[in-house]
Amino acid sequence: MNTYVYYTSSGYVMVDTGYEHGLRGVEKRLKKHGIALSEIKYVFLTHAHDDHAGFLNELLSKCSDLKVIISDKSMPTLLKGQNSFVGGCSSLIALGFCRSMGLIGKGRHLFPAVERQYIDRFIEISPQNIHMIESELRGKVLFTPGHTEDSISLKIGRIIFCGDAAMNGVPSLRRITIWLENKRDFQNSWDILLAEKPQFIYPGHGRPFCSSDLRKYKKYISKVRRYKLK
């Protein structure tokens, strides 16, 4: 799982967090780059899943000025503290991986539900505030559902932080994420990403890759057969 950080004149922006107990490792990596946790001013949450929102509560408790920017569809899942199981795995390899997560006790995809005391520090993206948010983030917000209905991406210069709107590496195949709630939305989201003409895609999992990969592999999305976990 990748957690990205970039600098703006307002402070640092963190793109996604990580699993529940991942903050200590992220904090150590920040220190190596001379960045204090208190310098993080915003978290841009690409979607409400356990591996992307796991240590939000702990981060909010340590950073009193921190704000979290989310889709207007994320809060119900954040308050529940469990991934949605709508949809299915995008391949048999992905299905095997998801089942193996169950064998190591992570099959329920639970994470700490957002504590009510922090609710007012979440900013839900709306038509009324999106320009303000983009100004603060020095970027462009893209709505990229398909993996989840609340999936959003962030374009900064010629790169896009896409969360799980694409993946790189096993068990994903051809940059297609391993879990799809809506296959048609996912395919449309790749069109949205490509329309921005980025140079590189920075996924939530795996190394950054050239955006031309999306064009190369897009035709395979329509051939995806989803496999239910239950």
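It should be emphasised that the depicted structure is a prediction, and the values quoted were computed from it without experimental measurement. All residue numbers in this chain count up from 1 along the given sequence.
- Listed by first then second residue, pairs satisfying side chain to side chain donor-acceptor pair (under 3.5 Å) with a partner in residues 106-126 read D50-H109, E115-Q117, S126-Q128, S126-N129, not counting sequence neighbours.
- Pairs passing the salt bridge (Lys or Arg N to Asp or Glu O under 4.0 Å) check and including a residue from residues 178-188, sequence neighbours excluded, do not occur.
- Here CZ of R175 is found 4.5 Å from CG of D213. Values are rounded to the nearest 0.5 Å.
- Of the possible donor and acceptor atoms, one in the side chain of K155 sits under 3.5 Å from a partner among the backbone N and O of E196.
- Ring pair Y4/Y202: centre-to-centre distance below 6.0 Å.
- Just one residue in the list T144, D164, T148 forms a side chain to side chain donor-acceptor pair (under 3.5 Å) with H47, and that residue is D164.
- Between the side chain of Y217 and the main chain of L173, no donor-acceptor pair closer than 3.5 Å is present.
- K73 has no carboxylate O lying under 4.0 Å from a charged side-chain N of E149, or vice versa, which leaves the two without a salt bridge.
- Remark: I93 CD1 is loosely packed, at most 12 non-hydrogen atoms of other residues, nucleotides or ligands lying under 6.0 Å away.
- Looking only at atom types and distance, the side chain of D150 has a donor-acceptor partner in the side chain of S74 under 3.5 Å away.
- Taking the six-membered ring for Trp and thresholds of 30 and 60 degrees, W190 and F186 have ring planes inclined between 30 and 60 degrees apart.
- A side-chain donor from one of S9 and R138 sits under 3.5 Å from a side-chain acceptor of the other.
- Put simply, the side chain of S90 gets close to the backbone of T177: a donor and an acceptor are under 3.5 Å apart.
- For residues 10-24, the set of pairs meeting the side chain to side chain donor-acceptor pair (under 3.5 Å) definition, not counting sequence neighbours, comprises D16-T46, D16-H52.
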